[in-house]
Number of protein chains: 2
Amino acid sequence: MSEARNPTIREVAKLARVGLMTVSRVINNHPSVRPSTRKKVEIAIAQLGYRQNEAARLLKGQRAKMIGLIVPDLSDAFFASCAHTVQHIARMHGYMTLVVSSERDADLEFQQGELMASRKVSGLLIVTSTSRGDERLKHLQSTGLAIVAFDRPLPGADTDCVVVENRLGAEEATRHVIEHGHSRIVCVGYDEETYTIYERIQGYTHQMNASGLKPEVALGLLTFEEVRDWVKHLLGRTNRPTAIFSLNHRTAVFVLRALAEMQIKIPEEMSVLGFDDFELASVITPPFTTVAQSPVEVARRSMALLLERIQGVKTGAASSPAKILLPVKLMVRSSCAPPGKAAS
Amino acid sequence: MSEARNPTIREVAKLARVGLMTVSRVINNHPSVRPSTRKKVEIAIAQLGYRQNEAARLLKGQRAKMIGLIVPDLSDAFFASCAHTVQHIARMHGYMTLVVSSERDADLEFQQGELMASRKVSGLLIVTSTSRGDERLKHLQSTGLAIVAFDRPLPGADTDCVVVENRLGAEEATRHVIEHGHSRIVCVGYDEETYTIYERIQGYTHQMNASGLKPEVALGLLTFEEVRDWVKHLLGRTNRPTAIFSLNHRTAVFVLRALAEMQIKIPEEMSVLGFDDFELASVITPPFTTVAQSPVEVARRSMALLLERIQGVKTGAASSPAKILLPVKLMVRSSCAPPGKAAS
DNA sequence: TTGAAAGCGCTAACAC
DNA sequence: GTGTTAGCGCTTTCAA
């Protein structure tokens, strides 16, 4: 139990034979310190292995060198990748990252956001699970906290925001299927409350209508069993759909599993494609066509915005919120083909 | 900019018409407060929406209601799942979670661990990337910090530790292949420095030897290209191996990809199995046989230990370190079969 | 059982 | 350019 107490600013001052404030100024890069003095202090700091005590700074009203990250589900590959990148960049800039899974619960999200704010984080990065109309988190902004929403805008959004071209991506995917000659294309997803899904539905619907086809959207399929039953039902229909477009990863996996279980051949008997790429998409049989978005890029841009905003808050410049729209990419693989005879 | 300053203990005291200390005692559940007094204070607290200022507590030498989590790579599905669970449980107990990816860099890991300690986290949960002989992190323990290692023990370990039956799992997997009639079974992984891989190699080797077969281990295959070349070389050998056992997820995916690219049929022309289960293992063709471990369970047990230890540190009881060994499960699917003619 | 005083390590405001 | 003073909100010590 060698209670090696950390050296304080006072000890540094004594060793460098200067006043407390001089040390403080050196630490905070205040300009008005003579270079020679600065040198002395820096040497003392190095010698003692001095490090700032954040608690003391906080008590004086400063913000912590921490940023908060709230995502719906940290065990989701997409968000995990975002978190990884966020944390990495944060570290590069001297911040640590407080991470929370909101479990897709708006109340929890709000409560944890407040908690982070009360911990004086410098900024908040958030993939919201609130629905339209829930603007509770926004008020944190007025306390001078930098906030960036990503993947989905914060309702009533006047925060910086980074999202991808969900609508365009879904349109392109739908067009891709249509160009293969399909006309009965259904799309599946859970929960149109979620901004991303909602947007993708819009894209899908728009493209279907533009091509004179009738859109058909299935929602609320949360478990594998539900998806399987739905697929089964689908296959039994007269004039059954010949293509399935899944609006999110989870559902895509369920569809694939269900189809495999029923020994339906992809793409001969059913074309399938999904939104959200995944590592094994090109490894599975057949290689799965998806709309890919880059979690790394989303996180990178979000952090850049946040860091800027943190600077800005410091210098008092509350510029108007930035809106960044990132491209997606249709990864054409082999799960789409012209509708086969079996399906006609 | 409604600078709604948080109420302080002083204001609560004034409102409740008691001294500062009484409020402090109520907050900290100190026994010697008359129930009636306590009541008054509690009402005042509720009325003002008072919350403790952690910075001030820290300054007085208390620990933060935070725990630190260090993993090699947060974007890895296994660790992401661990992080999710850790964070969840931490939250349930009133802690926030500081997360760091060490990028498999021992120096970074150490540095971030120290940083967390200087932030006065209550406990540290860590999947180390240090190799045998690097005991730098251990000294943090002597400052009274609760530490639990999981997935891998901390070198020179006298910390609590939660790991899985890597050795037994590898043995069982190897036996499974042998029972299918294979005799030329190679195993692949990256880096035998990593504890888990090392253990699995031991298990594989032990079982091979026990069955009178010659073990063959390929290591250091980090990129897809390297794996592909290795697989290609393997297939060209006279008396080529008939089964590949991958010791980690990443390599397994590469092997699968390489085999698919070369149009080698699994399991007819090559049996394959891997350590570490993944969501799509049962969806891909053919369903992939793996040794599964539960990240949720690993994280759950680790957090339980950490929470206990935090309590213990508080009450001064430094019990001897717990070592927990969690079972793994061989998920028999269809990627292993008796060696075919093509391979003989 | 309760309260008053001291000070944790730092920085903002003001002197020099 | 540099030092001195006064707290930030809390808990620890000691006195009542």
Side-chain angles (χ1 to χ4, degrees), chain A residues 3-42 44-45 48-66 117-120 122 143-144 314-316, chain B residues 3-42 44-45 48-65 117-120 122 143-144 314 316:
Chain A
E3 277 302 321
R5 255 188 58 277
N6 285 345
T8 76
I9 200 178
R10 177 170 266 102
E11 302 170 42
V12 175
K14 197 177 297 174
L15 181 62
R17 302 170 166 284
V18 297
L20 289 188
M21 270 320 291
T22 306
V23 179
S24 175
R25 289 198 182 93
V26 169
I27 295 164
N28 296 294
N29 275 316
H30 192 93
S32 53
V33 177
R34 201 183 301 139
S36 61
T37 317
R38 175 176 301 263
K39 200 78 180 182
K40 279 200 298 187
V41 174
E42 276 166 351
I45 286 178
L48 262 48
Y50 167 81
R51 264 194 328 226
Q52 263 187 306
N53 179 321
E54 179 155 67
R57 290 187 59 238
L58 287 194
L59 203 51
K60 288 303 275 183
Q62 323 268 41
R63 293 211 164 270
K65 274 291 203 173
M66 293 200 280
S118 78
R119 279 221 154 79
K120 298 287 179 188
S122 293
T143 68
K314 227 182 250 162
T315 61
Chain B
E3 276 301 322
R5 257 187 58 275
N6 285 344
T8 76
I9 200 177
R10 177 171 267 100
E11 302 170 42
V12 175
K14 198 177 298 173
L15 182 62
R17 300 169 167 285
V18 297
L20 290 189
M21 268 323 291
T22 307
V23 179
S24 176
R25 289 199 183 91
V26 170
I27 295 165
N28 297 294
N29 277 315
H30 193 94
S32 53
V33 178
R34 201 182 303 138
S36 60
T37 317
R38 175 176 299 262
K39 200 77 179 182
K40 279 198 300 185
V41 174
E42 276 166 352
I45 286 178
L48 262 47
Y50 167 82
R51 266 196 324 230
Q52 264 187 305
N53 179 320
E54 178 155 66
R57 291 186 56 237
L58 287 194
L59 203 51
K60 290 305 271 184
Q62 322 269 42
R63 291 212 166 271
K65 274 289 200 173
S118 78
R119 279 218 154 78
K120 298 289 179 186
S122 294
T143 68
K314 226 181 252 160

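By convention in this document, chain letters (A, B, ...) are assigned in the order of the sequence lines, proteins followed by strands, and residues within each chain are numbered from 1.
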For this session: Would you mind telling me which residue lines up with the more 5' stretch of DNA chain D, S32(A) or N53(B), judged by nearest nucleotide?
Result: S32(A)
Seminar exercise, completed: Whole-Å distance, I27(B) CD1 to dT12(D) P, equals 12 Å
Exercise. Could you give the NE2-to-P distance, from H30(B) to dC10(D), as a whole number of Å?
Worked result: 18 Å
For this session: Give, for atom OG of S24(B) and atom CD of Q52(B), the distance between the pair rounded to the nearest 0.5 Å.
Result: 7.5 Å
Exercise. 5'-most contact on DNA chain C: P31(B) or A56(B), nearest heavy atom basis?
Worked result: P31(B)
Problem set entry | From CD (E42(B)) to CZ (R38(B)), nearest 0.5 Å | 6.0 Å
Seminar exercise, completed: When rounded to whole Å, the CD to P distance for the pair Q52(A) and dC8(D) reads 20 Å
Review item, side-chain donor-acceptor pairs of residues 8-19 of chain A, under 3.5 Å, at least two apart:
unit_1: T8(A); atom_1: OG1; unit_2: R10(A); atom_2: N; d: 3.1
unit_1: T8(A); atom_1: OG1; unit_2: E11(A); atom_2: N; d: 3.4
unit_1: E11(A); atom_1: OE2; unit_2: T8(A); atom_2: N; d: 3.4

Seminar exercise, completed: To the nearest 0.5 Å, atom CZ of R25(B) lies from atom CG of L20(B) at 10.5 Å
Exercise. Which heavy-atom pair separates L58(B) from A55(A) by the least distance, and what is that distance?
Worked result: CB-CB, 3.5 Å
Problem set entry | Contact residues, residues 33-40 of chain B to DNA chain C [heavy atom, < 4.0 Å] | V33(B), R34(B), T37(B)
For this session: Could you list where the contact with chain B starts and ends along DNA chain C, reading 5' to 3', using a 4.0 Å heavy-atom cut-off?
Result: dT1(C) to dG9(C)
Exercise. Can you tell me how far the NZ atom of K120(A) sits from the CZ atom of R57(A), to the nearest 0.5 Å?
Worked result: 12.5 Å
For this session: Start with the C-alpha gap between E54(B) and K65(B), add the side-chain angles, then the distance that decides, and say whether salt bridge (Lys or Arg N to Asp or Glu O under 4.0 Å) holds.
Result: CA-CA 8 Å; E54(B) 178 155 66; K65(B) 274 289 200 173; over 6 Å; no
Exercise. For DNA chain D, what residues of residues 14-25 of chain A have any heavy atom nearer than 4.0 Å?
Worked result: V18(A), G19(A), M21(A), T22(A), R25(A)
Exercise. Do S122(A) and M66(A) come close enough that some side-chain heavy atom pair is under 4.5 Å?
Worked result: no
Seminar exercise, completed: Rounded to whole Å, CG of N28(B) lies from C1' of dC10(D) at a distance of 9 Å
For this session: Go through the steps to decide whether T22(B) and V41(B) satisfy the test side chain to side chain contact (heavy atoms under 4.5 Å, CB included), and finish with yes or no.
Result: CA-CA 8 Å; T22(B) 307; V41(B) 174; 4.2 Å; yes
For this session: Send over the distance from Q62(B) CD to dT11(D) P, rounded to a whole Å.
Result: 6 Å
Problem set entry | Residues in salt bridge (charged side-chain N to carboxylate O under 4.0 Å, His left out) contact with R63(A), at least two apart in sequence or another chain | none
For this session: Show the numbers, then the answer: is there a side chain to side chain contact (heavy atoms under 4.5 Å, CB included) between I27(A) and Y50(A)?
Result: CA-CA 10 Å; I27(A) 295 164; Y50(A) 167 81; 3.5 Å; yes
Exercise. Which angle, to the nearest 10 degrees, lies between the helix axes at the two ends of the helix from dT1(C)-dA16(D) to dC16(C)-dG1(D), each defined by five pairs?
Worked result: 30°
Exercise. E54(A) CD to dC10(D) P: how many Å, rounded?
Worked result: 18 Å
Exercise. Has the side chain of N28(B) got a donor or acceptor atom that lies under 3.5 Å from a matching backbone atom of H30(B)?
Worked result: no
